[in-house]
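Have a look at this one before I ask anything.
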Amino acid sequence: MQRLPLDHPGVAETGTPGRFLWWMARRQWRTLAGGMFFGIVWMSAQAVMPAVIGHAIDDGVAAKDREQLVEWAAVLFGIGLVQAVAGIMRHRFAVTNWLIAAYRVVQLVTRQATRLGGTLPRKVSTGEVVAIGTNDLSHIGQVMDVSARFAGAVVSFVVVSAILLQTSVTLGLVVLVGVPLLMLGVAPLLGPLQRRSAHQRHLMGRLSNTASDIVGGLRVLRGIGGEQVFLDRYRRESQTTRGAGVQVAKLQSVLDALQVFLPGLFVVVVVWIGARYAVEGTITPGELVAFYGYSAFLMIPLRTATEFANKVIRARVAATRIVHVLSLEPEVTVPAEIAPSPAAGSDLVDTRTGLQVRAGLLTAIVSEQPDDSAELADRLGMAASPVDDEVRLCGVPLTSLDPTEVRERIVVSDTGAMFFSGRLGDNLDLTGHGDVERALDTASAADVLEALTDGLDTVVAERGRSFSGGQRQRLVLARALAIDPEILVLVEPTSAVDAHTEARIAARLRGHREGRTTVVTSTSPLMLDAADAVAFLDSGRIVAVGTHEDLLATDPAYRRVVTRESEPELAVSEASR
């Protein structure tokens with residue numbers, strides 16, 4: 001399947017659902033044209049069959065001419081073969097069109113998610129993205145699928161109308177006028193159907209988001225006994241979504257009923273008129289049979305046309321959501337003029353907080369509010385929102401550099417990092433040439449690997465749920481260490497492990513990252529004691545810098561945060577010094 005570059009001009013042009021669907025159609029016009037060609041041949045072959053049968057009756061049966069009967073039977077057999085071959089090819093092209101459209105949506109949304117990075121979860125819920133991948137892509141594929149049959153329906157309608165006009169002007173006019181009137185009779189249902197479908201689609205996105213939240217936080221829910229609360233919430237939302245689906249189904253059922261009733265009524269009218277003409281002798285018995293065949297056949301184009309309109313409505317609703325995701329812009333963009341790359345081994349400075357990270361050292365950030373230090377860590381890697389130019393590498397603002405270069409040189413690994421489903425070795429070695437064994441040893445995760453039967457070939461479950469919290473945290477740390485970036489920022493890398501494991505990690509981390517710049521946010525004395533420098537963050541500013549031992553001795557506020565002493569305990573400690 002053809003790969004689509006994200007900067008393709010077509011992506012920028014898809015500002016509305018209609019334009020998006022048109023852009024999608026243009027991207028696969030060859031297979032659409034092939035499907036339409038065979039759809040026209042397939043349905044046109046069906047359209048001329050009543051005429052052939054009529055001639056066989058008049059020229060062969062009624063005239064008792066065996067030779068004519070055999071000739072028309074041979075013609076009918078040939079048309080049947082053409083219809084069979086064309087039907088097979090039409091179906092193949094229809095399936096191909098569905099797959100191309102559906103998986104092109106997957107490509108576009110996936111690449112957009114990669115392009116947006118941390119911007120995506122801040123602007124679009126997980127459930128919304130999941131709904132695109134489970135429902136919306138199917139609706140986009142279906143409208144490409146039905147296009148082949150719709151083209152055949154239009155052409156066959158014209159063919160039948162022309163044949164009827166040549167035989168009987170009255171019947172031809174009945175078809176030419178009656179079919180559009182039948183379509184107009186269905187049209188009033190399409191607007192309400194689109195509105196109800198859009199509402200149902202919105203509720204499905206919310207429901208998917210709720211389900212994702214429940215699955216992601218199931219362990220926490222069990223810990224606090226909140227399963228029943230969220231179960232009740234999911235039930236309420238699912239019932240609301242079900243109700244919206246029922247409302248859509250009500251209109252859909254009326255539309256489906258009209259697709260059978262109106263064409264059936266039309267067949268009755270045409271057959272009644274044709275029967276009167278046959279009684280009067282205006283038309284022959286063979287032509288009467290042909291008229292009945294035309295009337296029965298016209299039900300297919302009519303139903304195909306209403307099906308096409310129905311699927312276009314659903315596709316437009318789906319395209320609205322897809323276009324919304326594709327229209328999002330990342331908070332970090334490539335600057336118009338990219339600054340020269342700072343030299344390797346440069347200091348990283350945040351002018352807003354006053355933090356200075358010395359190159360080649362292990363620097364720890366301590367804050368009474370973990371969210372403050374985590375936000376500072378995100379800012380150091382341009383992962384926070386909004387992005388500013390106050391973080392500088394060798395005096396150059398990060399926003400002046402190519403975002404790709406920043407992400408290669410500065411890696412931020414936070415506590416929310418997860419694993420993708422797949423092979424464990426691929427999850428740990430993202431670059432393809434990392435020293436995974438050494439990284440696992442530093443992260444004290446070798447025992448996790450030894451406990452797995454297949455080792456690095458073990459298939460990781462979704463979000464790494466097969467591992468405990470401490471195991472997953474150590475594996476996440478090993479993955480970050482295996483990347484071996486110039487600057488590594490670790491957010492609370494040992495918060496879920498026991499003291500003995502934390503001591504081993506702290507002792508090994510400094511040696512593993514020797515000569516490289518490392519930043520750790522933590523309040524653990526074990527980790528802080530291993531740091532070359534500790535920066536104390538208070539109220540958004542770095543108020544003290546020094547070694548862990550020096551700050552314990554000189555800064556009471558720092559000591560209270562790290563040792564978790566209360567105010568009275570701190571006063572007693574000060575008095576005893």
Separation between CG (D402) and CD1 (I338), nearest 0.5 Å, reads 4.5 Å
Taking all non-hydrogen atoms of both residues into account, name the closest pair between A319 and F20 and its distance.
CB-CD2, 3.8 Å
Between R104 and Q107: side-chain donor-acceptor atoms closer than 3.5 Å
no
Going through the checks in order, is the salt bridge (Lys or Arg N to Asp or Glu O under 4.0 Å) test met by D484 and R513?
CA-CA 8 Å; D484 196 28; R513 293 287 299 170; 3.3 Å; yes
Can you tell if the side chain of R314 reaches within under 4.5 Å of the side chain of V248, non-hydrogen atoms only?
yes
If only side-chain N and O atoms count, and only distance matters, is there a donor-acceptor pair under 3.5 Å linking R236 with Q239?
no
Side chain E375, main chain D372, donor-acceptor under 3.5 Å
no
Main chain of V497, side chain of T501: is a donor-acceptor contact present, judged purely on distance under 3.5 Å?
no
Nearest non-hydrogen partners of R423 and L456, listed with the distance:
CG-O, 3.2 Å
What distance separates T110 OG1 from Y103 OH, expressed to the nearest 0.5 Å?
11.5 Å
Audit row: V349, V391, side-chain contact (heavy atoms from CB on, under 4.5 Å) steps and yes/no
CA-CA 6 Å; V349 177; V391 180; over 6 Å; no
Here's a test for you: under side chain to side chain contact (heavy atoms under 4.5 Å, CB included), which of V143, I140, L21 qualifies with R316?
L21
Measuring only between side-chain heavy atoms, which start at C-beta, is V412 closer than 4.5 Å to D378?
yes
Return the minimal non-hydrogen interatomic distance between A25 and M144, and the atom names on each side.
N-CE, 3.8 Å
Just wondering, do V334 and P403 contact through their side chains at under 4.5 Å, heavy atoms?
yes
Between atom OH of Y558 and atom OG1 of T563, what is the distance when rounded to the nearest 0.5 Å?
10.0 Å
Taking the side chain as every heavy atom from C-beta outward, state whether T518 and V520 have any atom pair closer than 4.5 Å.
yes
More than 12 foreign heavy atoms under 6.0 Å from CD of E390: is that the case here?
yes
For L348, is there any backbone N or O sitting under 3.5 Å from a side-chain donor or acceptor partner on Q356?
no
Closer than 3.5 angstrom, by distance alone: can the side chain of R474 be matched with the main-chain N or O of S444 as a donor-acceptor pair?
yes
Is it true that D136 and R321 make a salt bridge, defined as a side-chain N closer than 4.0 Å to a carboxylate O?
no
Please list, chain by chain and in numerical order, all residues satisfying side-chain hydrogen bond (donor to acceptor under 3.5 Å, both in side chains) with S138, sequence neighbours excluded.
Q142
Checking T114 against R111: is there a side-chain donor and acceptor pair closer than 3.5 Å?
no
Pairwise distance NE2(H139) to CG(D145) - rounded to 0.5 angstrom:
13.5 Å
Go through it in stages, so that I can follow the logic: the residues are T31 and Q28, the test is side-chain contact (heavy atoms from CB on, under 4.5 Å), and I'd like the CA-CA distance, side-chain angles, deciding distance and then a yes or no.
CA-CA 6 Å; T31 55; Q28 58 187 84; 3.7 Å; yes
Show which side-chain atoms of residues 527-539 pair as donor or acceptor with protein atoms under 3.5 Å away, not counting sequence neighbours.
| residue | atom | partner | partner atom | Å |
| --- | --- | --- | --- | --- |
| D532 | OD1 | R510 | NE | 3.1 |
| D532 | OD1 | R510 | NH2 | 2.4 |
| D532 | OD2 | L362 | N | 2.8 |

With sequence neighbours excluded, give me every salt bridge (charged side-chain N to carboxylate O under 4.0 Å, His left out) pair touching residues 428-446.
D441-R508
Report yes if the side chains of S341 and E405 come closer than 4.5 Å at any heavy-atom pair, otherwise no.
yes
Tightest non-hydrogen contact, residues L116 and P330, listed as CD2-N, 3.4 Å
Using distance only, find each side-chain donor-acceptor pair of residues 485-496 under 3.5 Å and give its atom names and separation, not counting sequence neighbours.
| residue | atom | partner | partner atom | Å |
| --- | --- | --- | --- | --- |
| E486 | OE1 | R409 | NE | 2.8 |
| E486 | OE1 | R409 | NH2 | 3.0 |
| E486 | OE2 | G345 | N | 3.1 |
| E486 | OE2 | R409 | NH2 | 3.2 |
| T494 | OG1 | E502 | OE2 | 2.8 |
| S495 | OG | Q473 | NE2 | 2.9 |
| S495 | OG | E492 | O | 3.4 |

Find out whether L398 and I410 are in side-chain contact, i.e. whether some heavy atom of one side chain is under 4.5 Å from a heavy atom of the other.
yes
Sub-4.5 Å side-chain heavy-atom contact between V436 and L440:
yes
Grab the two heavy atoms, one from T523 and one from S367, that are nearest each other, plus how far apart they are.
CG2-O, 3.7 Å
What verdict does the side-chain contact (heavy atoms from CB on, under 4.5 Å) test give for M382 and R407, after you've listed the backbone C-alpha separation in whole Å, the side-chain angles of each residue and the deciding distance to 0.1 Å?
CA-CA 8 Å; M382 285 206 312; R407 293 192 176 102; 5.9 Å; no
Under the side-chain contact (heavy atoms from CB on, under 4.5 Å) criterion, do L452 and F467 qualify, and how do the steps go?
CA-CA 11 Å; L452 301 175; F467 299 112; 4.2 Å; yes
Would you give the length of the straight line joining atom CZ of R379 to atom CG of L355, rounded to the nearest 0.5 angstrom?
9.5 Å
With sequence neighbours left out, the residues meeting side-chain hydrogen bond (donor to acceptor under 3.5 Å, both in side chains) with R516 are none
Mind checking whether L449 and D447 have side chains closer than 4.5 Å, heavy atoms only?
no
Do you know which two heavy atoms are closest between L424 and V460, and how far apart they sit?
CA-CG2, 3.7 Å
Roughly how far, to the nearest 0.5 Å, is CD1 of I505 from CG of L526?
10.5 Å
Could you pull out all residues at least two apart from E450 that satisfy side-chain hydrogen bond (donor to acceptor under 3.5 Å, both in side chains)?
none
Can you tell me if R541 and T353 form a side-chain donor-acceptor pair at under 3.5 Å?
no
Would the distance check show the side chain of T517 and the main-chain N or O of L361 forming a donor-acceptor pair, the cut-off being under 3.5 Å?
no
Got a donor-acceptor contact below 3.5 angstrom from the D389 side chain to the T399 backbone?
no
Would you confirm whether S346, through its side chain, and P342, through its main-chain N or O, come within 3.5 Å as a donor-acceptor pair?
no
